[in-house]
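Scroll down for the structure; my scribbles are underneath it.
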Amino acid sequence: MLDCVVTDAKIVNHTGIFEGEIGIRDGRITQVAKGISETTDRKVSARGKMVLPGLVDGHTHMEFPFMGTVTADDFESGTVASACGGVTTIIDFSIQPKGSSLLETYELWRKKADPKVCVDYSLHMVIREANQANLNQIRQIIRKGVQSVKLFMTYRRDGLLMSDINIYRIMKEVAKYGGVVGLHCENNDYIECLVSEFLAAEKTEPYYHAKSRPPEAEVEAVRRATTLAGFANANMYVVHMSTRGAMESVVEARNRGLDVYAETCPHYLTFTENMYRGLAAKNYVMSPPLRRREDKEALWLGLASGQIRTVASDHCCFTSEQKDLGKEDFSRIPNGVPGTEVILPILYHGVSRGLISLERLVQLTSYNPARQFGLFPRKGTIQVGSDADIVVLDPKKRQRLSKDNLHSRMDNSIYERITVTGFPVLTLSRGRVVHEDGQFVGKRGGGSYVPGRPHSVRPKDL
Ligand code: URP
Ligand code: ZN
Ligand code: ZN
């Protein structure tokens with residue numbers, strides 16, 4: 001007896017499309033076939049819809065202390081938004097409180113997330129300091145499933161900036177145990193210099209946030225980081241990449257034989273720097289900032305050609321009130337925007353416009369992030385043995401991406417004026433329905449921690 005059968009399913013995997021049925025028992029997919037004869041407790045019809053692997057959002061910041069405040073979404077509200085957007089796994093950034101060890105940080109994040117998460121989750125670790133104690137614990141956190149470390153090449157004032165030598169040392173240590181190093185690539189010195197110049201000239205508005213973090217600051221940092229990855233023989237991943245130049249540098253590094261991949265985010269695929277001229281400019285402040293139209297177009301081409309490996313949200317919400325911390329000084333506006341709920345609709349919009357194929361959408365949003373972070377084949381595919389993490393998308397459903405239709409705790413939506421055609425209508429997390437037609441129907445704490453497997457212990461063909 002099965003727990004559930006999804007019928008009339010147009011199943012989209014990374015390799016192609018198959019019309020059939022999906023059988024589910026005990027949270028796992030037990031059959032994918034033209035027709036399933038076994039009896040079942042529940043049938044879910046997907047007639048006229050598309051059935052995709054649940055998304056793996058590889059970049060979120062829930063309950064994240066940053067720039068003098070804490071993100072508005074906690075692990076409950078944030079993962080409710082994820083579930084309603086078809087995301088069935090998030091990978092969240094744990095960050096060391098000053099003086100805490102990596103293992104203590106891992107424990108702290110498990111304690112915060114476990115009772116609240118509404119979908120499954122895994123963890124990255126932000127390392128603030130390359131001291132010996134932290135280096136010594138890298139092996140242990142990788143053993144616990146935190147196989148990816150994030151380092152910042154900016155945010156000196158917030159105690160996050162990592163020097164080149166320390167990036168190199170951490171890369172070497174992470175590489176020893178088969179982990180990956182994610183880099184926030186922006187040249188800190190150049191940015192600090194521009195910020196002081198603008199502030200000295202009393203140019204304090206959010207518009208100068210983008211002006212003080214120009215594309216070349218990102219490109220230079222990507223080049224430097226890939227050079228260090230080459231020295232250290234490390235796997236490297238550029239998080240939230242926003243420019244054509246950065247993408248070209250990643251491709252160039254890969255052509256040199258390096259293991260360097262990159263992600264971009266829905267906001268860079270949707271908006272341009274023009275948003276910093278509007279009344280709600282502060283709500284679009286993130287780093288790197290929104291870019292020129294030519295960058296946005298290049299990123300879409302990079303998705304289509306496979307030059308960009310993944311799309312993740314960088315869900316890092318601050319309400320309008322929190323953004324007002326930088327009312328008098330753009331450099332004090334907490335950086336970050338929401339996004340976990342819109343990855344699928346924004347990318348499906350790209351499918352409708354002929355920019356990417358459906359299979360590419362699945363690669364970018366579930367298959368590739370699951371492989372990148374050691375969660376495949378449990379996550380990232382609809383196949384026998386995988387977790388029954390499934391999203392049903394109605395290609396005809398029109399939805400405005402307004403605050404009232406989204407589920408985060410945010411008091412506004414940066415996507416407010418955008419209406420898409422094609423929206424998730426049902427999400428299954430390990431076989432349980434957690435979202436149905438815009439309503440969250442799962443439960444707080446229903447998700448679980450899923451450890452990532454380091455590269456060294458993955459099957460060879462991955
Ligand atoms: O502006 C951003 N991206 N905020 C989140 C923190 C980070 O750098 O990922
Ligand atoms: Zn970052
Ligand atoms: Zn981030």
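What you see is a predicted model; the values in this text were computed from it and never measured. For the numbers below, each heavy atom of this structure counts, side chains included, while hydrogens, waters and symmetry mates do not. For ligands, and for the atoms within them, numbers begin at 1 and follow the listed sequence.
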In ligand 1, the atoms that come under 4.0 Å of a heavy atom of H240 are 3 (N), 7 (C), 8 (O), 9 (O)
The NE2(H240)-the Zn ion (ligand 2)-ND1(H184) angle, to 10°, is 90°
In this structure, which one of E273, E216, E218 forms a salt bridge (charged side-chain N to carboxylate O under 4.0 Å, His left out) with R291?
-> E218
Where on F93 is there a heavy atom closer than 4.0 Å to ligand 1, on the side chain, on the backbone, on both, or on neither?
-> neither
The Zn ion (ligand 2) to nearest N/O/S of K150 below 2.8 Å | yes
Report yes if the distance between the aromatic ring centroids of Y348 and F423 is under 6.0 Å, otherwise no.
-> no
Can you check salt bridge (Lys or Arg N to Asp or Glu O under 4.0 Å) on E220 and R223, steps first, answer last?
-> CA-CA 5 Å; E220 185 284 325; R223 290 207 185 117; over 6 Å; no
Do the numbers put R277 on top of the ring of F271, so that NZ or CZ is under 6.0 Å from the six-membered ring centre and no more than 45° off the axis?
-> no
Less than 6.0 Å separating the ring centroids of Y284 and Y276?
-> no
Please state which part of D314 comes within less than 4.0 Å of ligand 1, counting heavy atoms only: side chain, backbone, both or neither.
-> side chain
Hey, does F64 sit under 4.0 Å from ligand 1 if you only count heavy atoms?
-> no
Just jot down the ligand 1 atoms closer than 4.0 angstrom to any heavy atom of C316, in number order.
-> 4 (N), 5 (C)
Please step through side chain to side chain contact (heavy atoms under 4.5 Å, CB included) for the pair I346 and L401, ending with a clear verdict.
-> CA-CA 10 Å; I346 293 294; L401 302 180; 4.0 Å; yes
Ligand-residue contact atoms, ligand 1 with H61, heavy atoms, under 4.0 Å | 5 (C), 6 (C), 7 (C), 9 (O)
At a 4.0 Å threshold, what atoms of ligand 1 neighbour a non-hydrogen atom of H184?
-> 8 (O)
What residue and atom, counting heavy atoms only, is the protein's closest point to atom 4 (N) of ligand 1, and at what distance?
-> N335 O, 3.0 Å
Which of the atoms of ligand 1 are close to G336, meaning less than 4.0 Å from one of its heavy atoms?
-> 1 (O), 2 (C), 4 (N)
Worked check of side chain to side chain contact (heavy atoms under 4.5 Å, CB included) between K211 and Y208 = CA-CA 5 Å; K211 291 287 162 219; Y208 295 99; 4.2 Å; yes
Is the Y121 ring parallel, tilted or perpendicular to the F75 ring (thresholds 30°, 60°)?
-> tilted
Is it true that some N/O/S atom of H59, main chain or side chain, lies under 2.8 Å from the Zn ion (ligand 3)?
-> yes
Applying a 4.0 Å heavy-atom criterion (strictly less than), which segment of K150 is in contact with ligand 1: side chain, backbone, both, or neither?
-> side chain
Any donor-acceptor N or O pair under 3.5 Å, side chains R293, T272 | no
Can you tell which part of M286 has a heavy atom less than 4.0 Å from ligand 1: side chain, backbone, both or neither?
-> both
If you scan protein heavy atoms around atom 1 (O) of ligand 1, the nearest is S287 N, 2.7 Å
Minimum-distance atom from the Zn ion (ligand 3) among N, O or S atoms of D314 | OD1
Parallel, tilted or perpendicular for H184 and H240, by the 30°/60° rule?
-> perpendicular
Quick note on ligand 1: atoms under 4.0 Å from a heavy atom of F152 include exactly 8 (O)
Name of the residue among R409, K112, R444 meeting salt bridge (charged side-chain N to carboxylate O under 4.0 Å, His left out) with E76 | R444
